[in-house]
Amino acid sequence: MFGLRTLLGLGIVVSSQLVVRAGSAPRVSQCARPRWRDMAGAASLSYSSPSGKHTLRLLGQEEAQSIDQELFTEYGFTLEQLMELAGLSCATAVAKAYPVSSLRKQQATVLVVCGPGNNGGDGLVCARHLKLFGYEPTIFYPKRPGKTLYHALTTQCQKMDIPFLTEFPTEPRFIDEVYNLVVDAIFGFSFQGKVREPFASILSTLETVTIPIASVDIPSGWDVELGNPQGLQPDLLVSLTAPKKAAALFTGRYHFLGGRFVPPALDRKYHLNLPPYPGTECVRQLL
């Protein structure tokens, strides 16, 4: 059962049912578990453009960590900068894949689930931009670091009247009824080992929802190189900086890249073969 504060955070007092937009049919699942593709360990990913087929190099965990470190030490980026760029890219990708006008529920509700590290910080930034884009995000952030950066990101969301849940909805059907989609910002490419509570239970619930899930950089619980055929299967993946090897195993409908901040010299050094971005866009659709 949920406490009153949790229900108020969801925007519900009496009923968990949200009215469907006039003239639209009830939402059906668009993200049933797909067939797992046998591509573990793939080193490249093909994408199409008006000029034909192109190939992106996929990163392993150590390479991804090295690039991040080089952005900090050699190019002078700060964590705050990269987190802002990542969160904006994620919100932009969500807005392109699921425009407010296309959502079936009366309110443009989005549940953003944030983990304890940088991926969770990306999620907080994403929620803030989604609010500015006309969505109604709600955040669940159970393990909050004590660092000033994360406190500031939390405060920014609170000052924009974005509610924070005090409990996670344990019934998948409840999440399906209340929200249009879920943003998975729990674990990123640095994650290793076994998923611990409360996130093991959260992921178990999210694996059975029928509304779309949008994962930030890596679907939470996946091995960054080998994926996880029994785990979360998102409908949208937003790769940051450059796609990781597990992206070859993604079988959802939408794949975006958010990495326009990558200096050309870094692109050349790691042979990333990053694609051009259209106009002034901060994301590039790969699928």
Side-chain angles (χ1 to χ4, degrees), residues 1-3 5-13 15-20 27 29-31 87 90-95 97-100 102-116 119-144 153-154 156-158 160-187 198-217 219-221 231-238 252 254:
M1 297 296 292
F2 296 106
R5 286 186 63 191
T6 299
L7 292 174
L8 289 173
L10 293 169
I12 301 163
V13 176
S15 172
S16 66
Q17 297 286 343
L18 282 181
V19 179
V20 178
R27 189 168 191 84
S29 173
Q30 295 180 333
C31 49
C90 293
T92 301
V94 167
Y98 315 105
V100 169
S102 73
L103 301 179
R104 300 294 183 90
K105 295 180 174 65
Q106 189 176 39
Q107 299 178 35
T109 50
V110 179
L111 176 60
V112 182
V113 187
C114 297
N119 206 252
D122 296 342
L124 294 172
V125 175
C126 176
R128 171 160 46 82
H129 285 289
L130 286 175
K131 180 77 171 184
L132 293 171
F133 291 168
Y135 295 82
E136 293 298 331
T138 294
I139 298 170
F140 184 62
Y141 193 24
K143 296 287 186 180
R144 307 184 186 188
L153 293 174
T154 301
Q156 291 161 17
C157 290
Q158 291 170 334
M160 293 186 67
D161 296 322
I162 299 174
F164 283 73
L165 298 183
T166 57
E167 303 171 56
F168 188 77
T170 57
E171 291 294 329
R173 183 178 175 184
F174 185 84
I175 297 173
D176 289 336
E177 290 174 345
V178 173
Y179 301 102
N180 293 278
L181 66 138
V182 177
V183 174
D184 154 37
I186 301 175
F187 301 124
F199 299 108
S201 296
I202 291 169
L203 289 178
S204 179
T205 298
L206 292 181
E207 286 167 12
T208 56
V209 300
T210 61
I211 58 172
I213 293 177
S215 288
V216 177
D217 204 24
S220 291
L232 202 64
Q233 302 297 327
D235 189 48
L236 164 65
L237 175 64
V238 187
Y254 306 108

Could you give me the CA-CA distance, side-chain angles and deciding distance for Glu136 and Lys131, then say whether salt bridge (charged side-chain N to carboxylate O under 4.0 Å, His left out) is met? CA-CA 6 Å; Glu136 293 298 331; Lys131 180 77 171 184; 3.2 Å; yes
query: Is Val112 close to Thr138 at the side-chain level, that is, under 4.5 Å between some pair of heavy atoms?
result: no
Check: Heavy-atom distance under 4.5 Å between the side chains of Leu132 and Met160, does that happen here?
Finding: yes
Here the gap from Cys114 atom SG to Lys143 atom NZ, rounded to the nearest 0.5 Å, amounts to 15.0 Å
For Pro137 and Ile162 the tightest heavy-atom approach is O-CG2, 3.4 Å
| query | Do the side chain of Ser215 and the main chain of Asp184 share a donor and acceptor less than 3.5 angstrom apart? | reply | no
Correct closest heavy-atom pair for Val100 and Ala108 would be CG1-CB, 4.1 Å
In terms of heavy-atom contacts, Tyr141 and Gly115 come closest through CE1-O, 3.2 Å
Looking only at heavy atoms, the pair that brings Leu237 and Pro219 closest together is CD1-CD, 3.9 Å
**Request:** Apply side-chain contact (heavy atoms from CB on, under 4.5 Å) to the pair Thr154 and Leu124, showing each step before the final yes or no.
**Result:** CA-CA 7 Å; Thr154 301; Leu124 294 172; 4.0 Å; yes
Interatomic distance, CG@Asn119 vs OG@Ser220, rounded to 0.5 Å, equals 6.0 Å
### Task
Describe, in one word, how the ring planes of Phe187 and Phe199 are oriented to each other, choosing from parallel (under 30°), tilted (30 to 60°) and perpendicular (over 60°).
perpendicular
Rounded to the nearest 0.5 Å, the CZ atom of Arg128 sits from the CG atom of Leu153 at a distance of 6.5 Å
Heavy-atom closest pair (His129 atom, Gly87 atom, distance to 0.1 Å) is CD2-C, 4.4 Å
| Any side-chain heavy-atom pair from Leu130 and Val94 closer than 4.5 angstrom? | yes
*asked:* Applying ring-ring contact (aromatic ring centres under 6.0 Å, His included) to Tyr135 and Tyr98, what does each step give before you reach the verdict?
replied: CA-CA 10 Å; Tyr135 295 82; Tyr98 315 105; 8.9 Å; no
Can you label the angle between the Phe140 ring and the Phe168 ring as parallel, tilted or perpendicular, going by 30° and 60°?
tilted
Output for pair (Leu111 CG, Ile175 CD1), nearest 0.5 Å, gives 6.0 Å
- Item | Polar side-chain atom of Asp176 near backbone of Thr210 as donor-acceptor pair, under 3.5 Å | yes
Does Leu206 form a side-chain contact (heavy atoms from CB on, under 4.5 Å) with Val182? I'd like the steps, not just the answer. CA-CA 8 Å; Leu206 292 181; Val182 177; 4.0 Å; yes
Trace of the side-chain contact (heavy atoms from CB on, under 4.5 Å) decision for Leu165 with Ile139: CA-CA 6 Å; Leu165 298 183; Ile139 298 170; over 6 Å; no
Donor-acceptor pair, side chain of Ser201 and main chain of Pro198, under 3.5 angstrom
no
Interatomic distance, CD1@Ile211 vs CD@Glu177, rounded to 0.5 Å, equals 10.5 Å
Measure from the side-chain N and O atoms of Asn180 to the backbone N and O of Thr109, and report whether any donor-acceptor pair falls under 3.5 Å. yes
Output for pair (Ile213 CD1, Leu181 CG), nearest 0.5 Å, gives 9.5 Å
query = For Asp217 and Val238, what are the C-alpha separation, side-chain angles and deciding distance, and is it a side-chain contact (heavy atoms from CB on, under 4.5 Å)?
reply = CA-CA 5 Å; Asp217 204 24; Val238 187; over 6 Å; no
